Amino acid sequence: MHKITDAIRIQIPRTDEMEHSAPLFLTSSFCYDNAEEMRASFADETDNNIYSRFSNPNVKEFADKMCALEGAEAAYATSTGMSAVTGSFLALMKQGDHLLSCSAIFGSTHTVITKYLPKFGIEYSYVPATDMSVWEQAIRPNTKMIYLETPTNPGLDIIDLEFVGKLAKKHNLILNVDNCFATPVAQRPIEYGADLVTHSATKWLDGQGRVLGGVVAGRKDLINEIYLFSRSTGPALSPFNAWILSKSLETLDVRMERHASNALYIAQQLEGHQKTTSLRYPFLDSHPQNKIAVKQMANGGGIVCFELKGGLAAGRKFLDSLKMLSLTANLGDTRSIASHPASTTHAKLSEEDRRAVNITPGLIRISVGLEHKQDILDDISQALDQC
Ligand SMILES: *Cc1c(COP(=O)(O)O)cnc(C)c1O
């Protein structure tokens with residue numbers, strides 16, 4: 001089957017009602033006919049559900065679809081992207097292990113790595129996202145995992161997955177890739193040697209700004225460890241959210257195609273705009289890692305970022321001048337969203353720390369939605385005129 005078909009057709013077994021669309025299993029636990037069936041279920045001798053912190057049919061359906069989309073052996077869904085990321089760290093690393101990552105990562109992931117992993121004796125170091133010459137030297141005898149995002153948030157750096165996949169294999173490390181920005185429609189890290197792919201399902205996978213969710217897909221032995229850790233520590237995905245997310249995956253392919261074509265149009269039209277100093281989109285020739293992006297991605301994704309000449313003040317002015325685009329913390333919605341990290345998500349960092357993660361004072365990130373591309377461009381253009 002093609003993956004688009006799997007995302008639409010994978011479905012939990014029909015009930016006696018013969019419903020077409022999957023029903024919602026809002027139940028905390030499951031029943032048994034007799035003592036022997038209950039014993040066997042608890043002894044893990046069956047695939048029976050026990051309790052929705054462990055498993056639930058809706059959660060399984062969503063995870064099974066993600067497993068097919070990423071080309072993985074197994075997948076496990078969690079309450080949020082952060083519980084997927086944290087579970088993949090804590091289930092697979094122990095005191096004395098070392099994690100290799102990049103500073104250009106999602107803010108809460110950065111907090112988990114730098115503030116909480118050291119509390120459990122897990123060391124970390126960061127390498128620059130695009131300077132491949134330093135990655136191998138940064139590997140230590142106790143390095144256990146490489147964790148990265150590509151494209152990075154919000155700078156849209158592209159990391160060469162083929163290179164990192166080979167490096168991880170050579171040193172026998174677990175390669176864990178956050179595929180939130182690209183989605184499996186554009187990029188499948190497992191094909192390049194990733195052992196795990198983590199996602200915030202809150203973003204493009206839902207794509208409609210409704211629910212929180214996360215998922216980890218990859219090697220069966222590793223997913224089982226993450227499952228055992230998560231079912232004991234508790235970040236279970238709600239069946240309702242899983243039901244929403246499973247429906248969302250049925251339209252993921254068509255949505256991402258349109259998000260990406262709208263984003264490419266916006267990027268092409270705004271490139272060289274007199275109020276900006278630089279504009280980044282992975283599928284523009286001008287992107288510094290365009291060749292790698294085109295090699296490993298089927299489209300450039302839905303995020304465009306640019307730098308305003310007027311810096312911090314212009315960033316605030318830009319947000320204030322928008323008439324249609326939403327000012328909100330999320331990304332990956334049908335509705336286009338603008339953000340100015342230096343005055344919002346990253347305002348607490350010093351300017352130097354912001355520079356280290358590629359956040360300049362005038363950086364604007366646009367999550368390009370599904371509105372008509374001309375309406376999106378017109379709103380951005382009139383706001384730029386005000387800056
Ligand atoms: C949002 C996000 C996360 C965290 O996901 P939540 O669902 O908000 O917990 C992780 N990684 C990336 C790249 C994200 O954008």
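Bear in mind the structure is a predicted one, so any value in this text is a computation, not a measurement. In listed order, ligands and their atoms are each counted from 1. Hydrogens, waters and symmetry mates are skipped; everything else that's a heavy atom, side chains included, is used.
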- Item | Donor-acceptor side-chain pairing of Thr80 and Ser83 below 3.5 angstrom | yes
- Evaluate the ring planes of Phe240 and Trp243, with Trp represented by its six-membered ring, and classify them as parallel (under 30°), tilted (30 to 60°) or perpendicular (over 60°). parallel
- Query: Who pairs with Ser28 by side-chain contact (heavy atoms from CB on, under 4.5 Å), at least two apart in sequence or on another chain?
  - Reply: none
- Task: Establish, yes or no, whether a centroid distance under 6.0 Å links the rings of Phe89 and Tyr116.
- Result: no
- Under the side-chain contact (heavy atoms from CB on, under 4.5 Å) rule, collect the residues that match up with Ala138, sequence neighbours excluded. Leu100, Val127
- Message: If the criterion is any heavy atom closer than 4.0 Å to an atom of ligand 1, which residues make the list?
- Response: Thr80, Gly81, Met82, Phe106, Glu149, Asp178, Cys180, Phe181, Ser200, Thr202, Lys203, Gly213
- Task: With sequence neighbours excluded, tell me which residues meet side chain to side chain donor-acceptor pair (under 3.5 Å) with Lys291.
- Result: none
